[in-house]
Amino acid sequence: MTYASILVAVEDGEESDSRLELACDLAIAFDSLLIGLSVGSIAPPLYDPLAGGAMVGELLTLYRDMAEADVERARLRFAEIAADRAVETEWRGGVGYPAEFLSRAARAADLVIVGGRNRHAPDHAPGVADVLMGCGRPVLVTPPTRVRSPIGNPALVAWKDCREARHALAGALPLLQRASGVTLFSVRAAEEQESADGEMAEVVRYLARHDIHAEPVLALAGQEPAGRQILDEAVAREAGLIVAGAYGHARLREWALGGVTRSLIADSTVCLALAH
């Protein structure tokens, strides 16, 4: 299996360069078309009631010019890094709301790559949550500082038998096929342990049919949140990738009370393959 086309969000700065270099690595590994995307956003103009709004039009023009200049800088950086790696590329750029713009552009891609904990999001870069909810594609979320590559290193699948986890697992198959080892990891309450064994055995057989050998590991839910247990297991196994379903609960509940998705995005030092 492969990704025929990969879409990567591009901005200005070292975090974006690191993300773009990873995207080039993946495009080379999968012989993919790499689509770069940058979206400039117009900040709301300052309104002076004494001026009667006379300057609003001029401010909007200024902000649009600044946004278009940001997009052009991103395009030039994308072209420079991709040219050094001899990757086949296309470009998408515009002015608008970043996550919405990217979600529409995702129709041309098999995999979307965005930055997690991105200081530019959501006004000047796509926000992870909005992309996950809107793009309809598997999303690879890169941390600000990447410790290991998702290719050639161990991978951990955070398993829960739900729609989101099944979608994430299917979307990550090409990456899992190129991992040095795969752990199928599930956190369950004591009363769920027996039924979880049979369920995980089915997933292991599913992965085996895709030439992926997975080791099932069943952990007991304890005092630590499940997200923390997943991250600790990934660190212990020196994983370069965590695969997980995203926002199995309502986003408002995750925002207010916390949840696995929020914990992974906030704290992971390795790439996350997520899907909603």
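Residues Leu173 and Ile242 do not share a hydrophobic cluster, defined by chaining ILVMFWY side chains whose heavy atoms lie under 4.5 Å apart. Cluster annotation: Val235 and Val187 are assigned to distinct hydrophobic clusters (Ile/Leu/Val/Met/Phe/Trp/Tyr, side-chain heavy-atom contacts under 4.5 Å, transitive). The same ILVMFWY cluster, assembled from side-chain heavy atoms under 4.5 Å apart, contains both Ile230 and Val270. Under the 4.5 Å side-chain heavy-atom criterion for ILVMFWY residues, no single connected hydrophobic cluster contains both Leu176 and Leu156. No chain of hydrophobic side-chain contacts below 4.5 Å, direct or via other Ile, Leu, Val, Met, Phe, Trp or Tyr residues, connects Val139 to Ile6.
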Take Cys24 and Asp84 through the side chain to side chain contact (heavy atoms under 4.5 Å, CB included) test and state the conclusion after the steps. CA-CA 10 Å; Cys24 288; Asp84 286 343; over 6 Å; no

Test salt bridge (Lys or Arg N to Asp or Glu O under 4.0 Å) on Glu233 and Arg228 and set out the steps. CA-CA 9 Å; Glu233 187 73 16; Arg228 184 71 261 166; over 6 Å; no

Arg75 and Glu80: CA distance, side-chain angles, deciding distance, salt bridge (Lys or Arg N to Asp or Glu O under 4.0 Å) verdict: CA-CA 9 Å; Arg75 186 191 68 81; Glu80 179 184 356; over 6 Å; no

Arg137 vs Asp110, salt bridge (Lys or Arg N to Asp or Glu O under 4.0 Å): CA-CA, chis, key distance, verdict: CA-CA 7 Å; Arg137 292 288 190 266; Asp110 296 313; 5.4 Å; no

If you apply the rule side chain to side chain contact (heavy atoms under 4.5 Å, CB included), what do you find for Leu22 with Thr142, and how did you get there? CA-CA 9 Å; Leu22 171 62; Thr142 61; 3.6 Å; yes

Criterion side chain to side chain contact (heavy atoms under 4.5 Å, CB included) on Val8 and Leu37, from CA distance to verdict: CA-CA 6 Å; Val8 59; Leu37 177 143; over 6 Å; no

Run the side chain to side chain contact (heavy atoms under 4.5 Å, CB included) check on Leu231 and Ser263 step by step: do they pass? CA-CA 9 Å; Leu231 290 171; Ser263 176; 4.1 Å; yes

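Counting only distance, with no hydrogens or angles, the side chain of Ser16 and the backbone of Val10 share no donor-acceptor pair below 3.5 Å. With Thr183 contributing its side chain and Phe185 its backbone, the two residues share no donor-acceptor pair below 3.5 Å. Judged by distance alone, the side chain of His276 and the main-chain N or O of Ala246 form a donor-acceptor pair under 3.5 Å. Side-chain atoms of Gln193 do not come within 3.5 Å of backbone N or O of Ala190 as any donor-acceptor pair. In this structure, Ser186 contributes its side chain and Trp159 its backbone to a donor-acceptor pair below 3.5 Å. The backbone N or O of Gly259 sits nowhere less than 3.5 Å from a side-chain atom of Arg262 that would complete a donor-acceptor pair. In this structure, the side chain of Gln177 does not engage the main chain of Asp211 through any donor-acceptor pair within 3.5 Å.
Distance CD1/Ile212 to CE/Met1: 8.5 Å, rounded to 0.5 Å. Taken to the nearest 0.5 Å, the CG atom of Leu175 stands 6.5 Å off from the CG atom of Leu111.
Taking 4.5 Å as the limit, every side-chain heavy atom of Pro174 sits out of range of all side-chain heavy atoms of Thr2.
Enclosure of atom CZ in Arg119 is not indicated, since only 12 or fewer non-hydrogen atoms of other residues, nucleotides or ligands lie within 6.0 angstrom.
Residues Ala168 and Leu274 come closest through the heavy atom pair CB-C, 4.4 Å. Nearest heavy atoms, Ser41 versus Asp123: CB-O, 2.5 Å. In plain terms, the two heavy atoms of Glu21 and Ile81 that are nearest each other are CG-CG2, 4.2 Å. Of all the heavy atoms in Val112 and Ala106, the pair that sits closest is CG2-CB, 3.9 Å. Asp267 and Arg117 get closest at one heavy-atom pair: N-NH1, 3.7 Å. Counting all heavy atoms, side chain and backbone alike, Gln229 lies closest to Leu220 at NE2-O, 3.3 Å.
Looking at Glu15 and Arg19, no side-chain N of the basic residue comes within less than 4.0 Å of a carboxylate O on the acidic one, giving no salt bridge. Classification of Glu90 and Arg92 as a salt-bridged pair holds, one side-chain N sitting under 4.0 Å from a carboxylate O. A salt bridge is absent between Asp12 and Arg77; no separation between the charged side-chain nitrogens and carboxylate oxygens falls under 4.0 Å. A salt bridge links Glu215 to Arg237: at least one charged side-chain nitrogen sits closer than 4.0 Å to a carboxylate oxygen.
Between Phe78 and Trp91, the gap from one ring centroid to the other is short of 6.0 Å.
Remark: the Asp130 side chain and the Tyr97 side chain contain an N/O donor-acceptor pair separated by less than 3.5 Å.
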